[in-house]
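Everything below concerns the one structure shown next.
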Number of protein chains: 2
Amino acid sequence: MKRDSRLSITLHALLHMAERKTITSEELAACLSTNPVVVRRTMAGLREAGLVRSEKGHGGGWSLACDLATVSLADVHAALGEPAFFAIGNRTESPGCLVEQAVNAAMDGALREAELLLLQRLGTISLADLSRDFQQRMALGRQKTKEQNHVG
Amino acid sequence: MKRDSRLSITLHALLHMAERKTITSEELAACLSTNPVVVRRTMAGLREAGLVRSEKGHGGGWSLACDLATVSLADVHAALGEPAFFAIGNRTESPGCLVEQAVNAAMDGALREAELLLLQRLGTISLADLSRDFQQRMALGRQKTKEQNHVG
DNA sequence: AATCACGTAACATATTGAGTTACATGAAAC
DNA sequence: GTTTCATGTAACTCAATATGTTACGTGATT
């Protein structure tokens, strides 16, 4: 596995859900170029956290159960079970070797600071912010197409 | 694989090397609770970067080829080939989907900031700093032992 | 010549995210 | 009530990769 993209997948799914009242796992999987089971599995945590709802049967599927403005990317990360941010880490957690203790202390300090900053950044970005960014990209795309049409 | 601990291993090895003129892969492996081949493989990058030397044959082994005060943890990370810091990332690097573009932009921004901070932190810590920390831990350990002896 | 130690290839192992198949459950439509 | 649709979940496979291990080649010292 290269990288854990569950947060990326989930955000992508949430924004697509924001564009429609309900959407099925199959449709989402098509949007995300993945598998419906992956969608259900990944979103299970969001359902438990109350961010989304899921309905079985005819007309079922996924729908938002939260206000986009009040949910941050950090909240989504938490709902996913707080997957590890870092690929690097210490070899031993509580080593007897004093050398390793010194190494661990330095590494832990730097990693902790970076993690705090990352969490803080993710905490300040709401799903509504992402949605707004998407809408802007849409508008820009339309504008570009229009210009092209004028040129043609 | 749980986590990439090459940086941790390497720093551990470097500090042990700082305590002795030369040390063999086998001895280092014993210190680090790993395998001599892992030591050689991991340190290959450091040798190419000129941070350490290695000598074959009788009396051979590893020795430092740098001033601990002028080498930062970031330098060591670079010598290792800059292994990825983060376990999380985007699903697709250049997606056509505008939703995913918006998601990627936000994620990239946050990750980039965290990475810059991490690199900056690692850049300000020198091997000499780590060595000093180790020496302090040694001194503290001796002091404690002494006190215990007095009590006993 | 023997021994020691690194250099490296090749293969095994373990972990984990992702993909896939299969089947059960439940809700709506007919 | 039966069919159809959609989720829930277990179980399996696949892929990537750090680490562990074995084996053998190379070069330096004794």
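For clarity, every value in this text was computed on a predicted model and none was experimentally measured. A, B, ... follow the sequence lines: proteins, then strands. Residue 1 opens every chain.
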Checklist entry - Think A:S54 has a side-chain N or O under 4.0 angstrom from the OP1 or OP2 of D:dG8? => result yes

Item to check | Distance test, side-chain N/O of B:R40 to OP1/OP2 of D:dT21, below 4.0 Å | outcome: no

Checklist entry - Whole Å only: how far is the CG atom of A:N90 from the P atom of D:dT19? => result 12 Å

Checklist entry - Ring centroid separation for B:F85 and A:F86, is it under 6.0 angstrom? => result no

Listing time: all N or O pairs from protein to nucleotides 3-5 of chain D that are below 3.5 Å?
| from | atom 1 | to | atom 2 | distance (Å) |
| --- | --- | --- | --- | --- |
| D:dT4 | O2 | A:H58 | NE2 | 3.3 |

Checklist entry - So, does A:R91 use its side chain to make a donor-acceptor pair with the main chain of B:L32 at under 3.5 Å? => result yes

Checklist entry - Hey, does A:L116 have a side-chain heavy atom less than 4.5 Å from the side chain of A:Q120? => result no

Next on the checklist: Just to verify, what does A:D133 make a side chain to side chain contact (heavy atoms under 4.5 Å, CB included) with, not counting sequence neighbours?
Outcome noted: A:R137, B:A102, B:A105

Next on the checklist: At a heavy-atom distance below 4.0 Å, what parts of residues 20-38 of chain A sit against DNA chain D?
Outcome noted: A:T24, A:S25, A:V37

Checklist outcome for this item: Here the distance between atom P of C:dG17 and atom CG of A:L80, to the nearest Å, is 11 Å

Checklist entry - Of all residues at least two apart in sequence or in a different chain, which pass the side chain to side chain contact (heavy atoms under 4.5 Å, CB included) check with A:Q136? => result none

Item to check | A:L15 CG to B:C97 SG distance, which is reported to the nearest 0.5 Å | outcome: 9.0 Å

Next on the checklist: For B:H16, is there any backbone N or O sitting under 3.5 Å from a side-chain donor or acceptor partner on B:E19?
Outcome noted: no

Next on the checklist: Applying side chain to side chain contact (heavy atoms under 4.5 Å, CB included), can you list everything that pairs with B:A84, at least two apart in sequence or on another chain?
Outcome noted: A:R3

Item to check | Distance, nearest 0.5 Å, that separates CD1 of B:I23 from OG of B:S63 | outcome: 11.0 Å

Checklist entry - Under 3.5 Å, is there a donor-acceptor pair between the B:W62 and B:T22 side chains? => result no

Checklist entry - Rounded to whole angstroms, how far apart are CD1 on B:I9 and C1' on D:dT19? => result 8 Å

Next on the checklist: Which is more 5' along DNA chain D, the nucleotide nearest B:E55 or the one nearest B:P83? Just name the residue.
Outcome noted: B:P83

Next on the checklist: Let's go through A:D67 and A:L127 carefully: what are the C-alpha distance in whole Å and the side-chain angles of both, what is the deciding distance for side chain to side chain contact (heavy atoms under 4.5 Å, CB included) to 0.1 Å, and is it a yes or a no?
Outcome noted: CA-CA 9 Å; A:D67 178 0; A:L127 294 178; over 6 Å; no

Item to check | Separation of D:dT19 P from A:I88 CD1 (nearest whole Å) | outcome: 11 Å

Checklist outcome for this item: Atom CZ of B:F85 and atom P of D:dT17 are separated, to the nearest Å, by 17 Å

Item to check | Strand-adjacent residues in residues 41-52 of chain A, judged by heavy atoms under 4.0 Å from DNA chain D | outcome: A:R41, A:R47

Checklist entry - Using a cut-off of 4.0 Å on non-hydrogen atoms, how would the nucleic acid contact of B:R91 be classed: base, sugar-phosphate, or nothing? => result sugar-phosphate

